[in-house]
Amino acid sequence: MSVEKHIQAPFSPETAADLKAGDRVLISGTIIAARDAAHKRLVETLDCGEELPVNLEGQVVYYVGPSPAKPGQVIGAAGPTTSGRMDSYTPRLIKHGLRGMVGKGYRSDDVVEAMKEHGVPHLAAVGGAGALIARSIKNYTVLAYEELGPEAVAAMEVEDFPAIVVIDAEGNNYYEEGQAPYRKL
(Lines give C-alpha, C1' and ligand atoms only; values in the text may rest on other atoms or scores of the structure.)
Protein backbone atom coordinates (compact mmCIF):
# COMPACT_ATOMS: atom_id res chain seq x y z
CA MET A 1 0.00 0.00 0.00
CA SER A 2 1.38 3.39 -0.93
CA VAL A 3 1.93 6.10 1.65
CA GLU A 4 2.38 9.84 1.31
CA LYS A 5 5.86 10.99 2.23
CA HIS A 6 7.23 14.49 2.66
CA ILE A 7 10.79 14.47 1.30
CA GLN A 8 13.60 16.96 0.70
CA ALA A 9 15.54 17.54 -2.51
CA PRO A 10 18.34 17.13 -3.37
CA PHE A 11 17.97 13.45 -2.39
CA SER A 12 20.32 11.76 0.02
CA PRO A 13 21.14 8.12 -0.75
CA GLU A 14 18.90 7.18 2.19
CA THR A 15 15.94 9.18 0.85
CA ALA A 16 16.32 7.61 -2.60
CA ALA A 17 16.52 4.10 -1.11
CA ASP A 18 13.50 4.68 1.14
CA LEU A 19 11.18 5.50 -1.77
CA LYS A 20 9.11 2.52 -2.90
CA ALA A 21 7.12 2.02 -6.09
CA GLY A 22 3.63 3.41 -5.50
CA ASP A 23 4.61 5.91 -2.79
CA ARG A 24 3.00 9.31 -3.15
CA VAL A 25 5.44 12.07 -2.29
CA LEU A 26 5.52 15.80 -1.73
CA ILE A 27 8.97 17.18 -2.55
CA SER A 28 10.34 20.38 -1.03
CA GLY A 29 13.73 21.93 -1.70
CA THR A 30 15.62 22.41 -4.97
CA ILE A 31 15.14 20.32 -8.09
CA ILE A 32 16.74 20.81 -11.50
CA ALA A 33 14.63 21.46 -14.59
CA ALA A 34 16.02 20.09 -17.85
CA ARG A 35 14.65 18.58 -21.04
CA ASP A 36 15.96 16.93 -24.20
CA ALA A 37 18.17 19.72 -25.53
CA ALA A 38 19.76 20.33 -22.12
CA HIS A 39 20.43 16.61 -21.64
CA LYS A 40 22.07 16.45 -25.06
CA ARG A 41 24.31 19.41 -24.18
CA LEU A 42 25.25 17.95 -20.80
CA VAL A 43 26.35 14.67 -22.37
CA GLU A 44 28.21 16.50 -25.16
CA THR A 45 30.04 18.45 -22.45
CA LEU A 46 31.08 15.18 -20.82
CA ASP A 47 32.11 13.76 -24.22
CA CYS A 48 34.46 16.75 -24.65
CA GLY A 49 36.06 15.99 -21.28
CA GLU A 50 34.76 19.24 -19.81
CA GLU A 51 33.20 19.85 -16.42
CA LEU A 52 29.41 20.06 -16.26
CA PRO A 53 27.95 23.55 -15.64
CA VAL A 54 25.94 22.13 -12.71
CA ASN A 55 26.87 19.66 -9.99
CA LEU A 56 24.51 16.68 -10.37
CA GLU A 57 25.50 15.03 -7.08
CA GLY A 58 22.26 14.14 -5.28
CA GLN A 59 20.15 16.21 -7.67
CA VAL A 60 16.64 15.42 -8.82
CA VAL A 61 15.89 16.41 -12.41
CA TYR A 62 12.37 17.31 -13.53
CA TYR A 63 11.80 16.77 -17.23
CA VAL A 64 9.95 20.01 -17.95
CA GLY A 65 9.91 22.85 -20.43
CA PRO A 66 7.73 25.40 -18.65
CA SER A 67 5.56 27.89 -20.47
CA PRO A 68 6.26 31.61 -19.93
CA ALA A 69 5.16 33.10 -16.64
CA LYS A 70 2.26 35.53 -16.61
CA PRO A 71 2.77 38.81 -14.71
CA GLY A 72 3.06 38.12 -11.00
CA GLN A 73 3.84 34.41 -11.48
CA VAL A 74 7.14 32.60 -10.98
CA ILE A 75 6.52 30.20 -13.86
CA GLY A 76 3.86 29.25 -16.37
CA ALA A 77 2.42 25.77 -16.72
CA ALA A 78 5.05 23.20 -15.76
CA GLY A 79 3.79 19.76 -16.73
CA PRO A 80 6.10 16.76 -17.17
CA THR A 81 7.74 15.73 -20.42
CA THR A 82 7.86 12.08 -21.50
CA SER A 83 10.82 10.58 -19.65
CA GLY A 84 11.80 8.17 -22.40
CA ARG A 85 12.99 11.12 -24.49
CA MET A 86 15.96 11.41 -22.11
CA ASP A 87 16.77 7.68 -21.99
CA SER A 88 19.82 7.82 -24.27
CA TYR A 89 21.43 10.38 -21.93
CA THR A 90 20.21 9.25 -18.51
CA PRO A 91 22.61 6.40 -17.60
CA ARG A 92 25.58 8.71 -18.18
CA LEU A 93 24.10 11.44 -15.96
CA ILE A 94 23.23 8.92 -13.25
CA LYS A 95 26.91 7.92 -13.21
CA HIS A 96 27.70 11.60 -12.56
CA GLY A 97 25.59 11.71 -9.40
CA LEU A 98 21.98 12.26 -10.49
CA ARG A 99 19.89 10.85 -7.62
CA GLY A 100 16.30 11.09 -8.90
CA MET A 101 14.15 11.88 -11.92
CA VAL A 102 10.61 13.17 -12.37
CA GLY A 103 8.72 12.91 -15.66
CA LYS A 104 6.03 10.68 -17.08
CA GLY A 105 5.98 7.29 -18.73
CA TYR A 106 8.18 4.26 -19.02
CA ARG A 107 11.99 3.99 -18.96
CA SER A 108 14.26 1.80 -21.07
CA ASP A 109 15.92 -1.31 -19.67
CA ASP A 110 19.30 0.48 -19.79
CA VAL A 111 17.97 3.30 -17.62
CA VAL A 112 16.37 0.91 -15.12
CA GLU A 113 19.65 -1.03 -14.83
CA ALA A 114 21.56 2.22 -14.16
CA MET A 115 18.93 3.20 -11.60
CA LYS A 116 19.33 -0.11 -9.75
CA GLU A 117 23.13 0.05 -9.90
CA HIS A 118 23.27 3.59 -8.45
CA GLY A 119 20.17 3.62 -6.19
CA VAL A 120 18.09 6.11 -8.20
CA PRO A 121 14.27 6.25 -8.29
CA HIS A 122 12.06 7.56 -11.12
CA LEU A 123 8.97 9.51 -10.13
CA ALA A 124 6.02 10.66 -12.19
CA ALA A 125 4.17 13.94 -12.12
CA VAL A 126 0.65 14.06 -13.50
CA GLY A 127 0.56 14.96 -17.19
CA GLY A 128 -2.04 17.61 -18.01
CA ALA A 129 -1.74 19.19 -14.56
CA GLY A 130 1.00 21.69 -15.42
CA ALA A 131 -0.89 24.72 -14.11
CA LEU A 132 -1.53 23.00 -10.78
CA ILE A 133 2.05 21.73 -10.50
CA ALA A 134 3.32 25.28 -11.12
CA ARG A 135 1.74 26.35 -7.83
CA SER A 136 4.35 24.29 -5.96
CA ILE A 137 7.24 26.06 -7.75
CA LYS A 138 8.34 29.05 -5.69
CA ASN A 139 11.42 30.17 -7.66
CA TYR A 140 12.90 29.42 -11.09
CA THR A 141 16.51 30.36 -11.90
CA VAL A 142 18.31 29.46 -15.14
CA LEU A 143 21.70 27.87 -14.38
CA ALA A 144 23.03 26.90 -17.81
CA TYR A 145 22.27 27.01 -21.54
CA GLU A 146 20.00 30.07 -21.32
CA GLU A 147 19.84 30.12 -25.13
CA LEU A 148 17.72 26.94 -24.96
CA GLY A 149 14.81 28.94 -23.52
CA PRO A 150 12.35 26.66 -21.71
CA GLU A 151 14.73 23.71 -22.24
CA ALA A 152 17.59 25.38 -20.32
CA VAL A 153 18.94 23.86 -17.12
CA ALA A 154 17.30 25.68 -14.22
CA ALA A 155 17.01 25.41 -10.44
CA MET A 156 13.46 25.25 -9.16
CA GLU A 157 12.68 25.87 -5.52
CA VAL A 158 9.65 23.71 -4.78
CA GLU A 159 7.31 23.26 -1.87
CA ASP A 160 5.13 20.16 -1.67
CA PHE A 161 5.71 19.25 -5.33
CA PRO A 162 3.43 16.22 -5.91
CA ALA A 163 4.78 13.04 -7.50
CA ILE A 164 4.41 9.25 -7.42
CA VAL A 165 7.33 6.82 -7.30
CA VAL A 166 6.85 4.75 -10.45
CA ILE A 167 10.16 2.85 -10.50
CA ASP A 168 12.06 2.60 -7.25
CA ALA A 169 15.81 2.21 -6.78
CA GLU A 170 15.40 -1.58 -6.70
CA GLY A 171 13.66 -1.61 -10.10
CA ASN A 172 10.14 -2.29 -8.80
CA ASN A 173 7.78 -0.83 -11.40
CA TYR A 174 4.46 0.64 -10.27
CA TYR A 175 3.20 0.81 -13.86
CA GLU A 176 3.51 -2.98 -14.07
CA GLU A 177 2.22 -3.59 -10.54
CA GLY A 178 -0.76 -1.30 -11.05
CA GLN A 179 -1.75 -2.97 -14.32
CA ALA A 180 -1.30 -6.55 -13.10
CA PRO A 181 -4.80 -7.03 -11.58
CA TYR A 182 -6.44 -5.90 -14.81
CA ARG A 183 -4.44 -8.29 -16.97
CA LYS A 184 -6.26 -11.16 -15.25
CA LEU A 185 -9.68 -9.92 -16.43
Straight-line distance of [X] [atom1] to [Y] [atom2], nearest 0.5 Å:
| X | Y | atom1 | atom2 | value |
| --- | --- | --- | --- | --- |
| I32 | M156 | CD1 | CE | 9.0 Å |
| H39 | T81 | NE2 | OG1 | 10.0 Å |
| D87 | M101 | CG | CE | 8.5 Å |
| E57 | F11 | CD | CZ | 14.0 Å |
| M86 | Y63 | CE | OH | 6.0 Å |
| E44 | R41 | CD | CZ | 7.5 Å |

Original post:
Mind checking whether V74 and L26 sit in one hydrophobic cluster, side chains of I, L, V, M, F, W, Y counted as touching below 4.5 Å?
Top reply: no

How about [X] and [Y]: does a side-chain donor come under 3.5 Å of a side-chain acceptor?
| X | Y | result |
| --- | --- | --- |
| H122 | S83 | yes |
| R107 | T90 | yes |
| E159 | S136 | no |

Donor-acceptor under 3.5 Å ([X] side chain, [Y] main chain):
| X | Y | value |
| --- | --- | --- |
| S12 | T15 | yes |
| H118 | A114 | no |
| D168 | A21 | yes |
| Y175 | G105 | yes |
| Q73 | K70 | yes |
| E151 | G65 | no |

**OP:** Please step through side chain to side chain contact (heavy atoms under 4.5 Å, CB included) for the pair L46 and H96, ending with a clear verdict.
**Re:** CA-CA 10 Å; L46 292 172; H96 277 82; 3.4 Å; yes

Hey, is [atom1] on [X] packed in by over 12 heavy atoms from elsewhere, all under 6.0 Å?
| X | atom1 | answer |
| --- | --- | --- |
| K95 | NZ | no |
| K40 | NZ | no |
| E50 | CD | yes |
| E147 | CD | yes |
| D47 | CG | yes |

**OP:** Mind checking ring pair (Phe, Tyr, Trp, His ring centres under 6.0 Å) for Y62 and listing every partner two or more places apart, or none if nothing turns up?
**Re:**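 Testing Y62 for ring pair (Phe, Tyr, Trp, His ring centres under 6.0 Å), a comparison that skips the adjacent residues, returns F161.
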
Heavy-atom distance under 4.5 Å between the side chains of [X] and [Y], does that happen here?
| X | Y | result |
| --- | --- | --- |
| V43 | L93 | yes |
| L42 | Y145 | yes |
| L98 | V120 | no |
| V166 | L123 | no |
| V126 | P162 | no |
| T30 | V158 | no |
| I167 | M115 | yes |
| V60 | V102 | yes |

Closest non-hydrogen atom pair between [X] and [Y], with its separation:
| X | Y | answer |
| --- | --- | --- |
| I133 | P80 | CD1-CD, 4.1 Å |
| A169 | A16 | CB-O, 4.1 Å |
| V142 | A152 | CG1-CB, 4.0 Å |
| K5 | D23 | NZ-OD2, 2.8 Å |
| G22 | Y174 | CA-CD1, 3.4 Å |
| V111 | I94 | O-CD1, 4.5 Å |

